Every structure is written in C-alpha cells, then in structure tokens.
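To keep things clear, I will list the structure first and then write my remarks on it.
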Amino acid sequence: TPKPSSAASDVYKRQVWANLLRDAEGLAGLPVRDGGRVALRGTGDVVVDVGSVLDVSAGASVLADGKLRGGKGGSVTLAAHVPSGVQSSGGLLSFGGEARGYGVTGGGTLSVSSGGRIVLGGPSDPLEAEALRLDPSLFRSGFGKYEINGYQGLAVADGAQIDVAMPVLRFEGGTTQAPGSSAQPGDVLSLWTPPLYTEDPLRAGLTQRVGADLALYSDRAAQGGPIVVGEGARVSVDPGRSIQIKGADQISVLGRLDAWGGRISIQEPRIGEQPYVPKANPRSVWIGEQAVLDVAGRSHVAVDAKGRRYGLVHAGGTIEIGGKLDWEADVDTPSRPIDRHLILRPGSLLDASGTQAVLDLSGRGATVVGSDGGTIVLSSANSLHLDGTMRAGAGSDRAAGGTLGISFGGAFYQRNLSPETAVQKERQLVLEQHQGDTMLAADLRPGESTPALAYGYGRLGVDLSLIHISEPTRLGMI
C-alpha cells in the first residue's frame, strides 16, 4: 500500500529582500526574486497538516539606481492518487494548511488534486466526511491560476461565492528609506488587493489589475466523477480571465459563471482517438434554468484632471461548450465534439454581448464607443437541446455582432464493442423559425434518462428574439 506523504511543518520557498543602496550583500539576492516551487505528490494519501504553511511568495530588490524590482510568486502542487506504474487502490488529499504564492509582478499556479471528491465553499457536511472542502479564501492567495481536480467529482456548493482574485505584494514609501538586505521580505513588503481599475486622471489612463484563472476538473486518465456548480452559486474571475471546466462524467451548471470579456470553456477529457461510448446513456452538459454564463464585455469610465471622460470598453468574450470554433481552420482538426448531450434549459442565459460607453474623444467630443460581440460555440456528438437564450450582440450600431458556432455529430464507435442502434442514429440539426417548446420535461433532472433524450436530435430556432445576435453576425454550423 502506498504510504502517505506528509507536510507536518512549514515549507518556505519564498525569496529574499535585497537592497543595493544600503549594502553589497544584496547582490546575492538579485537572481532569486521569484518564488520557488513546492510539490507534494503521492500514489496514496497526501496529508498537509493543520497549521502548515506552504509559502512560495516572491521577494524584491532595490537596485543601485534606486528602482524597485519585484518578483513573481511561485507554484504549489498538492496531489494524491497520482497516476503511475505503482498499483494503488486510491488516495485522498487532506489539506489543513495554508498555501501562499504572493508576488509583486504576478503569481504561479496552485494545483490541488485528490482521489476523492472536492467541494468548494459551503458548510461542512458530516455525510461527506471524506470530501476535501476548500474555503473560498483559498482563491485569493496570490496565485495566477488555480487548478482543482477531484477524481471522484467536484462541486461548487449551493450558494457559494468563489471570487478569484490576485492580491499582490508592494513596497510602501520611498526606496531611499528601505531597510537593508538582512530584512525579511514579509517585514518589508505589504499585502494588498488592488482595485479592479487604477485611475490616473493626470495621464487619462487606466490600469487593470492582473487577475487569475480558474480550472475545475474531474479527470484522471479520462475518467472522473460528476461536476456541479450548485444553485445560487457564483464563480467569478476578473475581466479577460478564464474559467475552465473539464470532466469525464455529468457536468451540471445550475448557478452563475462570470468571466466578463474573457473565456468560459466546458469540455471533456479525451485521449487521442479514444472511441465514443457504445451504449446509450443520459450523460450531458446541463445548463440549468437559473444558470448564467456571462462573458459579456463591460466598460469602465473615469474622469481626467480636465473633466473629460476616458475609459475602457471591452468586447464580448468566448463561451465554448463541447468544442471550439476550429472546423473552418483545418479539415483534419484533432478536436471532436463531446460524447454527451448538450442541454440548455429554458431560462438559462449565455451572454457574450459587446457593450458601450460615452467617452470624450479628442476632436470629437462626447462619443458613443461600442465594442464587438463575442463568440458562442456549442458542440455535441449526441444531441442538442438549445432551449436557453444566447446573446452576442454588438455594443453599438458601429460595432460588429458576434459569432454563434454549432457543431453536431462526429462520433465514431468501434465495431468490436457492438455499439447499440440507439447511438448510431443519423444526426440531424433542424433549423426552425421559432424555437418553440422544449422537448424535455420540466421535472427532468441532470443525468436522468428519458426517451426524449434521443441520440441524433438537434434543433435551433433562428428567431432573433431568442438568439439576440445583432447584425452583422456570423452563424457557423457543421
């Protein structure tokens, strides 16, 4: 039986403070401003004890010319039941400590994997004693990307608020007053979370904070458990960043995903030319009645020292469910549609719209500035129930509408596995003027079987009252 790996005490891979204005000893610290890397992996259990601190935060240096140079935070990997040539009956991650990856100029990656189930947010549940529960505060610990992988499933608890952000380290005050190289970085650099936009009225400039990406997986060698974003839950990243969901079983989004002007991607793991499941099943990507996937652009307007409006107007981002908009780029593209049904329930919303703002432009005065709509891609090899609302409209009449890409089909089955007749039905995507009522019962639940969830069914209503994509617009289908 594989033995557990354990981190019972603090592990520091953070870097140093150097001040060449004060002493020559700081020369040794110049190459080590960036944080290091800590990796705890095991084929069995991995235990990070309560009170442990895994710190890969960055350092900084004051150069001889008085300029401050800060480092980037490092990376931490915590992984139980990792795939290997060693036989293992499983392994769980127990994470009772704290991970820190703060940087001055950015952060690395925090990767957390467990052979069991992982739950983000919500109160502890005695019925799920073996589940690894991660507090929402973990997603503000300085890293630039968070990768969470529960091999037996992953859930964002009902009502949980997972707001991913990147606090950073900064030096307050003038460098001429900075302490010498013997000081610890934690005593010199302070932690703060910048506002989303920092305004500079004198130069009429905006600086957006860096932000961080989030990836939620249930994938161990293309096997895994269900992924659920619970009712009333909200997962958000800063504008322009990404939320990625990848699972080998049922995927259900019942809450809200916000990546304004960025990317939301929901996919399945697939190993090379892995064949599709030969038996009919109800597995799906299910976007629930109250679910919202929002990558619409947002604007931010400020006023400069002369009273003029300036700002940013972001274009709509990208929503990809089941595939990518790559079929026009390469006939022999390696990506294939997901091997599951794609269900947008009535009331769900996918929004990749552009936006607008009134800015005072040089020589033109007050002007409506609009941004382009983004891209929505929906792809399935099994069936398409597109009963939700999709938006990718332009932000103004001078901007361009977005792109809606639909891909249906592309499954392949191994004959020696005797695929059922039900999975071999011809795939037909029907375009109708009006979407009409859904074919699925109102009380159907994610992952439940029903005769209405038949392979080969696909329907899309082209009435713009549902799709809300303004002219000019691209509609691509395959």
Side-chain angles (χ1 to χ4, degrees), residues 1-9 11 38-54 76-84 86-99 109-139 141 143 146-162 214-233 235 244-255 268-269 283 286 445-447:
T1 302
K3 295 181 179 180
S5 301
S6 178
S9 59
V11 178
V38 172
L40 299 174
R41 297 186 180 94
T43 56
D45 295 338
V46 172
V47 179
V48 180
D49 290 338
V50 174
S52 297
V53 177
L54 310 178
V76 173
T77 298
L78 305 174
H81 193 31
V82 298
S84 73
V86 179
Q87 186 176 2
S88 173
S89 60
L92 301 177
L93 172 65
S94 176
F95 183 29
E98 179 183 356
T109 298
L110 174 62
S111 178
V112 176
S113 301
S114 177
R117 188 166 179 265
I118 297 179
V119 180
L120 279 59
S124 59
D125 185 348
L127 299 179
E128 291 188 304
E130 290 192 344
L132 173 62
R133 194 168 295 270
L134 301 178
D135 190 85
S137 62
L138 176 70
F139 301 95
S141 50
F143 297 93
Y146 297 85
E147 297 178 341
I148 312 299
N149 193 349
Y151 298 153
Q152 296 299 318
L154 185 147
V156 179
D158 290 350
Q161 304 295 301
I162 309 299
L214 177 64
L216 304 177
Y217 302 148
S218 183
D219 173 26
R220 186 180 190 270
Q223 300 293 321
I227 295 180
V228 180
V229 178
E231 294 182 358
V235 178
Q244 180 183 7
I245 297 176
K246 183 172 65 175
D249 205 310
Q250 175 71 30
I251 298 176
S252 307
V253 179
L254 310 179
E268 69 176 3
R283 288 191 314 174
W286 176 289
R445 306 264 55 90

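Just so we're clear, the structure is a prediction, and the values are computed from it rather than from any experiment.
Arg133 places a side-chain N or O within 3.5 Å of a backbone atom of Gly121 that can act as its donor or acceptor partner. In terms of modelled atom types and a separation under 3.5 Å, the side chain of Ser114 and the main chain of Leu93 share a donor-acceptor contact. Proximity of a side-chain donor or acceptor of Asp219 to a complementary backbone N or O of Gly224 within less than 3.5 Å is not detected. No side-chain donor-acceptor contact under 3.5 Å links Ser218 to the backbone of Gly247. Of the possible donor and acceptor atoms, none in the side chain of Arg117 sits under 3.5 Å from a partner among the backbone N and O of Glu130.
Side chains of Pro269 and Tyr217 form no contact here, defined as non-hydrogen atoms less than 4.5 Å apart. Put simply, the side chain of Asp125 does not reach to within 4.5 Å of the side chain of Val119, judged on heavy atoms.
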Item to complete: Decide yes or no on side-chain contact (heavy atoms from CB on, under 4.5 Å) for Leu92 and His81, but give the supporting numbers first.
Response: CA-CA 7 Å; Leu92 301 177; His81 193 31; over 6 Å; no
Item to complete: Evaluate the side-chain contact (heavy atoms from CB on, under 4.5 Å) criterion for residues Trp286 and Leu254: first the C-alpha distance (whole Å), next the side-chain angles of each, then the deciding distance (0.1 Å), finally the verdict.
Response: CA-CA 8 Å; Trp286 176 289; Leu254 310 179; 3.9 Å; yes
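Here the rule is side-chain contact (heavy atoms from CB on, under 4.5 Å) with Val229, and of Leu154, Val156, Asp158 only Val156 fits it. With Phe139 as the partner, the side-chain contact (heavy atoms from CB on, under 4.5 Å) test is satisfied by one option alone out of Leu110, Leu214, Val235: Leu214.
Rounding to the nearest 0.5 angstrom, the gap separating the CD atom in Glu147 from the NZ atom in Lys246 is 9.0 Å. Put simply, OG on Ser111 and CG on Leu78 are 8.0 Å apart, with the number rounded to the nearest 0.5 Å. Taking CG of Asn149 as the start and CZ of Arg220 as the end, the distance is 10.0 Å to the nearest 0.5 Å. Note that the CZ atom of Phe95 and the CG atom of Leu54 stand 6.0 Å from one another [nearest 0.5 Å]. One finds the CD1 atom of Ile118 at 7.5 Å from the CG atom of Leu120 (value rounded to the nearest 0.5 Å). Once rounded to the nearest 0.5 Å, the distance linking CD1 of Ile245 with CD1 of Ile148 reads 12.5 Å.
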